[in-house]
Amino acid sequence: MKVLLAGENEQLLSTIGELLGSSHIAVKVGRSFTQAAALFWHWKPQLVVVELPPWGDEPERWSFIAKLKEIAPVRILALVEPGKVEERIKALEMGADDAIFKSASPREIVARVKALLRRTGTFSSAPGAEIYTDGFL
């Protein structure tokens, strides 16, 4: 499975990428929304983690979420400014599947990524356990 990280906070995205990589999830990072859009189009990830700027600073960059949803049925986790509940709500209204503060633990962010991937049916925590049978199911 593939996850695209889009944003400018190199330290945060690098930490998230390392944690995802240790779970055998392929990761690519777009350091700008233009670069992330190109990666998304050519690489076709199952999930995108979008680090959003404050709403009042650059509201046009928030349209990235809606544009991704127009292109493909991809899951999106939005990272918004700490303490800005209205920004989490705005991200969800624009089409994000989940939204969390950037100040959250990288481990929590990765846990949310894995939960979203499980909902798409593209992530199993047990490698090789793609088919289950017990005679009843």
Problem set entry | Side-chain touch Leu4/Leu47, heavy atoms, less than 4.5 angstrom | no
Seminar exercise, completed: Taken in chain and number order and not counting sequence neighbours, the residues that satisfy salt bridge (charged side-chain N to carboxylate O under 4.0 Å, His left out) with Asp97 are Lys69, Arg75
Problem set entry | Check: Ile65 and Leu52 side chains under 4.5 Å, non-hydrogen atoms | yes
Exercise. When you look at Leu77 and Ile100, which way does the side-chain contact (heavy atoms from CB on, under 4.5 Å) test go after all the steps?
Worked result: CA-CA 8 Å; Leu77 173 61; Ile100 187 170; 4.1 Å; yes
For this session: Using the salt bridge (charged side-chain N to carboxylate O under 4.0 Å, His left out) rule, collect all pairs that involve residues 41-55, keeping only residues at least two apart or in two chains.
Result: Glu51-Lys102
For this session: Taking the side chain as every heavy atom from C-beta outward, state whether Leu12 and Leu5 have any pair of such atoms under 4.5 Å apart.
Result: no
Problem set entry | Sub-4.5 Å side-chain heavy-atom contact between Ile25 and Leu117 | yes
Exercise. If you draw a 6.0 Å radius around CH2 in Trp41, do more than 12 non-hydrogen atoms from other residues or ligands fall strictly inside?
Worked result: no
Exercise. Who pairs with Thr34 by side chain to side chain contact (heavy atoms under 4.5 Å, CB included), at least two apart in sequence or on another chain?
Worked result: Ser32
Exercise. Tell me the side-chain hydrogen bond (donor to acceptor under 3.5 Å, both in side chains) pairs involving residues 85-94, sequence neighbours left out?
Worked result: none
Exercise. Any idea which heavy atoms bring Arg112 and Ala99 closest together, and the distance?
Worked result: NH1-O, 4.4 Å
Exercise. Quick one: side chain to side chain contact (heavy atoms under 4.5 Å, CB included) partners of Leu19, sequence neighbours excluded?
Worked result: Thr15, Pro106, Arg107, Val110
For this session: Quick one: list whatever passes salt bridge (charged side-chain N to carboxylate O under 4.0 Å, His left out) with Lys67, sequence neighbours left out.
Result: none
For this session: Kindly indicate, with the supporting measurements, whether the criterion side-chain contact (heavy atoms from CB on, under 4.5 Å) is fulfilled by Ile16 and Leu79.
Result: CA-CA 12 Å; Ile16 294 168; Leu79 304 178; 4.2 Å; yes
Exercise. For the side chain of Glu108 and the backbone of Ala104, is there at least one donor-acceptor N/O pair under 3.5 Å apart?
Worked result: no
Exercise. Do you know which two heavy atoms are closest between Ser23 and Lys114, and how far apart they sit?
Worked result: OG-NZ, 2.7 Å
For this session: Applying ring-ring contact (aromatic ring centres under 6.0 Å, His included), name anything that partners Trp55, two or more places apart in sequence or on another chain.
Result: Trp62
Exercise. Looking at residues at least two apart in the chain, or sitting in another chain, which of them share a side chain to side chain contact (heavy atoms under 4.5 Å, CB included) with Ala72?
Worked result: Phe40
Problem set entry | Set of residues satisfying salt bridge (charged side-chain N to carboxylate O under 4.0 Å, His left out) with respect to Glu18, sequence neighbours excluded | none
For this session: Quick one: which residue pairs count as a salt bridge (charged side-chain N to carboxylate O under 4.0 Å, His left out) with a foot in residues 1-17, not counting sequence neighbours?
Result: Glu8-Arg61
Exercise. Can you pull the ring pair (Phe, Tyr, Trp, His ring centres under 6.0 Å) pairs that have at least one residue in residues 63-104, sequence neighbours excluded?
Worked result: Phe33-Phe64
For this session: For the pair Val3 and Val49, evaluate side-chain contact (heavy atoms from CB on, under 4.5 Å) and give the outcome as yes or no after the intermediate values.
Result: CA-CA 7 Å; Val3 173; Val49 176; 4.2 Å; yes
